[in-house]
Amino acid sequence: MSTRIAFLKGHGTQNDFVIVPDPENALDLPAAAVAALCDRRAGIGGDGLLHVVRSAAHPEAREMAAEAEWFMDYRNSDGSVAEMCGNGVRVFARYLQRAGHVEAGDLAIATRGGVKRAHLDKDGDVTVGMGRARLPEGEVTVSVDGRTWPARNVDMGNPHAVAFVDDLAHAGELLAPPPVAPAGTYPDGVNVEFVVDRGPRHVAMRVHERGSGETRSCGTGACAVAVAAARRDGADPEVTGEASTYTVDVPGGRLMITEYPGGEIEMTGPAVIVAEGEIDEEWLRAAGP
């Protein structure tokens, strides 16, 4: 007798995800199967996969179970494991609400980047506490098509290199990871953001996400961009004593990023569930190793 494997599809500012509910962590989801599910031609299609598991049922999240009932076991579209995904947290929270696990208001979600606090607004937006940014020292550069720019190294629980450019077209096609120097700065790969100014505390970005390629949005990337822009603009909350809010336009929409004195960062944006269905178990089994 075959097992019915449910899935949903959702997105946050067009950063889209396959959602696989698996409360007791009973499914085997090897990298090859995840990559097949995220394939836009032969699978369901997505920038990543949200594996929904109770924290107590997952070995990487058990120690967070007392603080957060649910664990976001996030995978990149190539099947690799990632620490965090900001847009993914918002969509994960929206799924939990749709499934009746939580109601509008505050909730905690366990991730490999720690426990994240989310707030489901009545107007449909979701606000996520993204924690603090770390700014590792050392000069970094990013290159595309013979151009090279200095980049700000920002760690949001996952690594980012933020480069301010004159035109977003300078980022090129972003089919392959942009070269970053010095070599070895990011041994596990890096998300690279290219940023232009749109107005006072208003920027736009494109991003190459490690393991996924160019995506329509990146939540942790938008936070990294706001942090880098605040330092560039002399608006570091630790220095000014005032919260700093940036509007960050991504190809798939708009995010609002606020950094507070003390370092806490909040991201607000939409999260939408667009479809649900069932995965063919035989197909999924064949897609694995």
Side-chain angles (χ1 to χ4, degrees), residues 10-16 47 84-91 93-94 116-135 142 149-158 160-171 174 191-209 214-272:
H11 77 91
T13 51
Q14 298 181 19
N15 196 188
D16 62 334
D47 292 324
M84 243 293 286
C85 175
N87 287 319
V89 171
R90 295 203 320 279
V91 175
R94 177 68 70 224
K116 304 301 178 184
R117 306 289 172 179
H119 180 83
L120 290 149
D121 300 331
K122 292 182 179 180
D123 64 4
D125 280 348
V126 181
T127 298
V128 177
M130 300 292 288
R132 295 174 170 82
R134 290 195 310 108
L135 300 170
V142 174
W149 302 270
R152 189 74 191 238
N153 190 350
V154 183
D155 192 317
M156 286 298 307
N158 57 358
H160 297 266
V162 180
F164 292 92
V165 299
D166 295 327
D167 190 325
L168 288 180
H170 291 167
L174 291 182
N191 305 286
V192 181
E193 288 80 26
F194 296 88
V195 188
V196 296
D197 290 301
R198 291 286 188 246
R201 301 204 180 186
H202 184 183
V203 297
M205 61 174 266
R206 289 176 63 195
V207 57
H208 184 284
E209 290 195 61
E214 182 173 14
T215 59
R216 300 283 293 171
S217 180
C218 175
T220 56
C223 293
V225 164
V227 167
R231 275 46 177 188
R232 181 200 62 172
D233 298 340
D236 180 352
E238 285 296 292
V239 175
T240 66
E242 299 179 352
S244 171
T245 297
Y246 276 78
T247 300
V248 181
D249 291 341
V250 296
R254 174 169 289 179
L255 296 167
M256 303 299 295
I257 312 297
T258 299
E259 184 181 9
Y260 295 93
E264 288 295 327
I265 298 170
E266 287 186 346
M267 172 184 62
T268 300
V272 182

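In what follows, residues are counted from 1 in the order of the sequence shown.
- Between the side chain of Asp233 and the backbone N or O of Ala235 there is no donor-acceptor pair closer than 3.5 Å.
- The backbone N or O of Pro251 lies less than 3.5 Å from a partner atom in the side chain of Arg216, making a donor-acceptor pair.
- Here the side chain of Arg90 pairs no donor or acceptor atom with the backbone of His11 at under 3.5 angstrom.
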| request: In sequence, state the C-alpha distance, the side-chain angles, and the governing distance for Val154 and Leu135, and then conclude on side chain to side chain contact (heavy atoms under 4.5 Å, CB included). | output: CA-CA 5 Å; Val154 183; Leu135 300 170; 3.7 Å; yes

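- Between Ala118 and Val126, the shortest heavy-atom distance links the atoms CB-CG1, 4.5 Å.
- For the pair Val207 and Glu214, the minimum side-chain heavy-atom distance is 4.5 Å or more.
- Considering SG of Cys218 and CE of Met156, their distance stands at 10.0 Å, rounded to 0.5 Å.
- Here the side chain of Arg206 pairs a donor or acceptor atom with the backbone of Leu168 at under 3.5 angstrom.
- Atoms CD and CG, on Glu209 and Asn158 in that order, are 8.5 Å from each other to the nearest 0.5 Å.
- Between Pro261 and Pro237 the shortest heavy-atom distance is N-CB, 3.7 Å.
- A heavy-atom distance below 4.5 Å is found between the side chains of Val195 and Val162.
- Within the 4.5 Å cutoff, the side chain of Arg132 has no heavy atoms near those of the Glu259 side chain.
- Using a 4.5 Å heavy-atom cutoff, the side chains of Met130 and Met84 are in contact.
- Using modelled atom types, one finds no donor on one side chain facing an acceptor on the other under 3.5 Å when comparing Thr268 with Asp125.
- Residues Asp155 and His160 form no side-chain contact, since every pair of their non-hydrogen atoms from C-beta on lies 4.5 Å or further apart.
- At most 12 heavy atoms of other shown residues, nucleotides or ligands fall within 6.0 angstrom of atom CG in Asp166.
- Of all the heavy atoms in Arg254 and Pro270, the pair that sits closest is O-CD, 4.1 Å.
- Proximity of Tyr260 to Glu242: side-chain heavy atoms (C-beta onward) are nowhere separated by under 4.5 Å.
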| request: Tell me, with the steps shown, if Glu193 and Val142 meet side chain to side chain contact (heavy atoms under 4.5 Å, CB included). | output: CA-CA 10 Å; Glu193 288 80 26; Val142 174; over 6 Å; no

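- Between the SG atom of Cys223 and the CD1 atom of Ile257 there is a distance of 4.0 Å, given to the nearest 0.5 Å.
- Checked against side chain to side chain donor-acceptor pair (under 3.5 Å), Asn191 has no partners two or more places apart in sequence or in another chain.
- Expressed to the nearest 0.5 Å, how far CG of Leu255 lies from CG of Asn87 amounts to 5.5 Å.
- Going from atom CE of Met205 over to atom CZ of Phe194 covers 11.0 Å, rounded to the nearest 0.5 Å.
- Residues Gln14 and Asp47 form no side-chain contact, since every pair of their non-hydrogen atoms from C-beta on lies 4.5 Å or further apart.
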| What do the steps show when you test Ser244 against Arg201 for side chain to side chain contact (heavy atoms under 4.5 Å, CB included), and what is the final call? | CA-CA 9 Å; Ser244 171; Arg201 301 204 180 186; 3.7 Å; yes

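- Ring pair Trp149/His170 is parallel by interplanar angle, where below 30° counts as parallel and above 60° as perpendicular.
- Summarising the geometry of His119 relative to Asp121, their closest heavy-atom pair is CD2-OD1, 2.5 Å, with the distance given to 0.1 Å.
- Contact check for Tyr246 versus Val227: no side-chain heavy atoms found under the 4.5 Å cut-off.
- Checking Asp249, Asp16, Thr13 one by one against Ser217, the side-chain hydrogen bond (donor to acceptor under 3.5 Å, both in side chains) holds for a single residue, Thr13.
- Expressed to the nearest 0.5 Å, how far OG1 of Thr127 lies from CE of Met256 amounts to 10.5 Å.
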